[in-house]
Each structure stands twice: as structure tokens, then as C-alpha cells.
Amino acid sequence: MSESTIIWVHGDNLNPHSAPFQTAPDAPAIFVWDDALLEEWRISLKRIVFIYECLLELPIIIRRGDVAEEVVQFAREHEARRILTSESPSPRHQFLCQTIIKHMPKGSRLEVLREPAFVDGAEKVDLKRFSRYWNAVKKQAMR
Amino acid sequence: MSRDMRRDFASREELVAYLQQEFPQAAQRSPHVSETRGGRRAAEARLRAARYGTEYERTRNHLDGQVSRLSPYIRYGVLGLNEVREYALSHAQRRFEAEKFVNELGWRDYFQRVYRELGDDIWEDVEDYKTGFPAHSYRQELPEDIRQGQTGVRFIDDAIRELIETGYLHNHQRMWLAAYVVHWRRVCWQAGARWFLEHLLDGDPASNNLSWQWVASTFSTKPYYYNLENVLQFSGDRYRGTPQNFGHEAFVGTYEQIARRLFPNITLSDEHHEPRKGRR
Ligand SMILES: Cc1cc2nc3c(=O)[nH]c(=O)nc-3n(C[C@H](O)[C@H](O)[C@H](O)COP(=O)(O)OP(=O)(O)OC[C@H]3O[C@@H](n4cnc5c(N)ncnc54)[C@H](O)[C@@H]3O)c2cc1C
């Protein structure tokens, strides 16, 4: 029997075909509005409306509050020990991942899934200036 | 037990009314709602409507040019960078004609990679300012006349109004506005970047902060600045006429003259007076 899984959707990947949705198409999914973040960054209503319209086209539950707490609670409601989420470069996302896993029952897993890269091998490129990056990857980017 | 937020709305007006009620502080700060709609369906419609080949390359620097306006969808991953690239390459008349567009997607990928390396240091100056002024001589707070769009400089105030009402600005307007804030008003780029993130639908710490730093010269070899001629060239007929009538005096002059006014402590070499070609 497959273990119970939930998907945690966040603002860096609101694609209905994202890796988590492809990996577990039937898993219950949640998005949580980060109340603290919205206030800290004074996010305007028009951004909230835009994001909400994106959310309405996803098969998810929408909640608000403390993100980590809400995700852990959602997992508990579904007796899930496995959480899938999309990769993000944001340090806050990494912090939330750590907080969530700390509050999940022992043996739980949080899997951060990556989308296919725009270009491969760019890890070795010196990122000091765009031109260096582009010269190194242009051929691949245009394939 | 947590409370689920609503998903059933008969109309956009109903959705907006609900969100005004749920997020009253945000609505109070700025009540505007953009005409740009969120969601995968709207994103795919934009993808189909956009131009990717020579027409894009030829017109993209102009405020009324054929830019895609895909940035908010790309920012939230509603459209993946790879699917946008594939669509562009296969919908330009010939694949190689989409190179300029794919190059712009490359900027996005590049900034995301730099962000992954920098983390929260994306808020620090990556390098020193190359303007002849030390970092501490830049104001920390965004002046109120800028926040309100009442600087008295017409093309700047128009851009600010557009930013606040629509959440979108053409790249050229972003560059002009950012350079105005940092170089003409000597405000630190961080204050401007935070303000942009309040309003831009595509607001993203990577593309936003690193572009501000590029303008400021803390993530480039020289400051970005411009003159009125450049503004007139790319904004259609909007500002033709006597500069004084538009409050545009501070932008009149050659690049050399402007540079001497803005950066009196340094001599920029001849090459620096050329309009920047690398990126718009
Ligand atoms: C001060 C300043 C702040 C900016 N802040 C942001 C921001 O918060 N979020 C953001 O996505 N872009 C930002 N940009 C970059 C750029 O202005 C926008 O991506 C672009 O104008 C979006 O319009 P478009 O979709 O019609 O672009 P198009 O010309 O159609 O380009 C296609 C796509 O390529 C990407 N792209 C294009 N130009 C750039 C660029 N210079 N840097 C990074 N990606 C690019 C975008 O995803 C864009 O949707 C900023 C630029 C400046 C100068």
C-alpha cells in the first residue's frame, strides 16, 4: 500500500503540471497565505488578487496563517507522512521546510522536487556577469 | 480546526470584494486591482498572443512594442521557463529568430541562479557603487513624492501611476524609474526595490533586486543613466514638446553632460557615455 501523501504548493510554483502534481496527482494539496510575509512586505491587493486567481485553477485547499503550522496540521488531517513540494531559491522556503519536518511525526519525509533545468551544466559557470553565463549556455538554451 | 478560504466566486468582482475583506490592510494601502488576470488559462492565452521573432526583437525597447507581458505568469511558475522557450522557438518564423526572446528568459534563469548563491544577501550591495559616492551617502528611505507619483517629472510620474494601478511596467520604464531614484535622487537601491516588490505583479527578489543593483552599479561595472533623447526615442509621441512643460529639464543634455552632473567625483571614460546596448 502506498503511504499517504500531501502536496504543499507555494508561490514559486503555481503550475498545474508541476512535479509534485505529476508525482502524486491524487494527493490532497494545500496553499497557505503567509500572513507575516504579506505584512512585512506590504504586498498590495493587486498582487494578492493575481495570485488568488492562479490558486483557483489548482486542485487545492487554500488557508492562511503560519505556513509551517498549517502544513503540518493538514498532513495530520490526512494522516500523511510524506509531503511533496516544489524547489525554490528563496531562503524562507528552506527555513519553512526545516520547520515543517521538525514538527512532523518521526519517520516522515519532505521531498523537494525540481523542475527540469533551463540549461544543464551552468553550475560550473562563473555567475559574476550575465555575459559569461550566456556565452557558456547559449547553444544549449537555443536547442 | 483550520478554516478553508473560499473558492466559489460568481465573478471577479465577488472575488475582489472577498479579498478586500480578508486582507483589509493591503486594500487600505492601495486599493487597485490589475486588469491582468491570474491563472493558467490567462497565461496560455498570453503565450498564444505574444510575438517571439523579429517583431519582438525590433520593437521590444519601445513602450508600445511587442513585449510578451508573460512575466507575472513566469514569476509564479504558472508557466515553466522551458515550456515558454519551447513555445517561442517553435512559433517564431524560424527558430533562430527567437534568440533575443530566449536571451531574455536567460536573464531570468541567470538571476535565479545568482539568488540561489546569495540567499538573503540579495539585499546587500554585491559590489561597491561605482558612482563616486560611498554607500552611506544614499538616502535610506524612499521620499514621499516618489511614493505618491508627485515628483513633477512627467514621464516618471506616469510610470509611477502605472506601477501602482496596473502592477506592470515596461522594462525601459523600470530602468528609467530606478535610475531616477538612485542617481537623480540619490536614494539607496534597496528602498526602491522594496517599493517595487509591493506593487509589481511579477515582483521577485531575484530579478528585481539584481536589476536595481545593475542600475545602481553594485552589480555591474558602471551606473546606468540616460537622457531625455533616450526617453523620447522609446516613448512614442507622449512627451514631444518643450521639456519645461513636462518638468524634464534635469534630463536634457548629452550623456557626457548628464554624467558630469550626476557623478561629479569621477570621470567616466568615453565608452561610458554611450547608451548601454548590452541590455536595453
Ligand atoms: C529595476 C528593475 C526591476 C525589475 N523587476 C523585475 C521583477 O521583479 N520581476 C521580473 O520578472 N522582472 C523584473 N525586471 C525585468 C524586466 O523588466 C521584466 O521581466 C520585463 O519587463 C517583463 O515584461 P515582459 O514579460 O513583457 O518581458 P519580455 O520582454 O516579453 O520578456 C520575456 C520574459 O523574459 C523575462 N525577462 C525579460 N527581461 C528580463 C530581465 N531584464 N531580467 C529578468 N528577466 C527578464 C521575463 O520573465 C519576461 O516575462 C526588472 C527590471 C528592472 C530594470
Side-chain angles (χ1 to χ4, degrees), chain A residues 11-18 31-33 35 38-39 41-58 60-65 69-70 73-74 77 86 88-92 94 115-119 122-123 125 127-131 133-134 137-138 141-143, chain B residues 2-5 7 9 15-16 19-20 22-23 25-27 29-34 36-42 72 76-82 85 89 95-96 99 102-103 105-107 109-110 112-117 119-120 166-167 194 197-201 203 205-206 220 278-279:
Chain A
D12 284 339
N13 199 333
L14 302 182
N15 194 323
H17 312 298
S18 70
F31 175 94
V32 185
W33 286 98
D35 277 335
L38 288 179
E39 273 317 292
W41 292 99
R42 299 167 46 97
I43 298 302
S44 62
L45 183 69
K46 57 188 168 295
R47 290 195 70 179
I48 296 175
V49 171
F50 182 88
I51 297 169
Y52 212 99
E53 285 176 325
C54 296
L55 299 179
L56 289 177
E57 291 185 22
L58 299 176
I60 55 173
I61 295 286
I62 307 169
R63 287 181 185 163
R64 64 184 295 179
E69 259 174 42
E70 293 291 335
Q73 157 84 9
F74 188 71
E77 287 165 26
S86 295
S88 158
S90 150
R92 185 165 179 90
Q94 281 137 40
E115 303 298 329
F118 185 65
V119 287
E123 291 70 31
V125 179
L127 293 177
K128 189 170 162 68
R129 296 285 183 253
F130 176 78
S131 53
Y133 158 87
W134 188 244
V137 305
K138 179 173 142 188
M142 289 295 294
R143 80 195 150 196
Chain B
S2 302
R3 190 171 63 96
D4 294 350
M5 293 189 76
R7 296 194 48 113
F9 300 98
L15 166 68
V16 170
L19 293 176
Q20 282 167 338
E22 286 288 324
F23 301 100
Q25 287 109 318
R29 280 196 294 266
S30 170
H32 301 283
V33 172
S34 178
T36 304
R37 297 202 174 208
R40 176 78 188 185
R41 258 173 304 168
Y76 298 108
V78 177
L79 295 171
L81 218 47
N82 288 0
R85 167 178 54 193
L89 287 170
R95 272 177 93 83
F96 71 87
E99 180 175 330
V102 174
N103 171 272
L105 299 178
W107 275 101
D109 182 57
Y110 169 72
Q112 294 282 305
R113 287 175 190 274
V114 176
Y115 186 23
R116 217 166 270 142
E117 284 192 358
D120 285 327
T166 71
R194 276 187 78 100
L197 290 181
E198 292 178 27
H199 294 290
L200 285 175
L201 295 189
S220 60
R279 255 175 90 209

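- Per-residue heavy-atom pair counts under 4.5 Å with chain B were compared for Lys138(A), Met142(A), Glu115(A), Arg129(A), and the maximum is reached by Arg129(A).
- Ring planes of Tyr52(A) and Phe9(B): perpendicular class, angle over 60° (limits at 30 and 60°).
- At a 4.5 Å heavy-atom cutoff, the contact between Pro31(B) and chain A is made by backbone atoms alone.
- In terms of heavy-atom proximity, Ser90(A) sits nearest to Asp12(A) at CB-OD2, 4.2 Å.
- For the residue pair Gln73(A) and Glu77(A), a side-chain donor N or O sits within less than 3.5 Å of a side-chain acceptor on the partner.
- Heavy atoms of Glu117(B) lying under 4.5 Å from chain A belong exclusively to its side chain.
- With a 4.5 Å cut-off on non-hydrogen atoms, Leu89(B) touches chain A through its side chain but not through its backbone.
- For chain A, the nearby part of Leu79(B) is the backbone; its heavy atoms alone come within less than 4.5 Å.
- Using a 4.5 Å cut-off between heavy atoms, Leu15(B) contacts chain A through its side chain alone, with no backbone atom that close.
- We find the OG-CD distance between Ser34(B) and Glu53(A) to be 9.0 Å, quoted to the nearest 0.5 Å.
- At least one cation-pi condition fails for Arg63(A) and Trp33(A): the charged atom is not both under 6.0 angstrom from the six-membered ring centre and inside a 45 degree cone around its axis.
- For the set Ile62(A), Leu38(A), Val125(A), the entry with the most heavy-atom pairs within less than 4.5 Å of chain B is Ile62(A).
- With chain B as the partner, the residue from Asn15(A), Ile48(A), Val137(A) showing the most heavy-atom pairs under 4.5 Å is Asn15(A).
- Both the backbone and the side chain of Ile60(A) come within contact range of chain B, judged by heavy atoms closer than 4.5 Å.
- Arg64(A) forms a cation-pi arrangement with Phe23(B), by the criterion of a distance under 6.0 Å to the ring centre and an angle within 45° of the ring axis.
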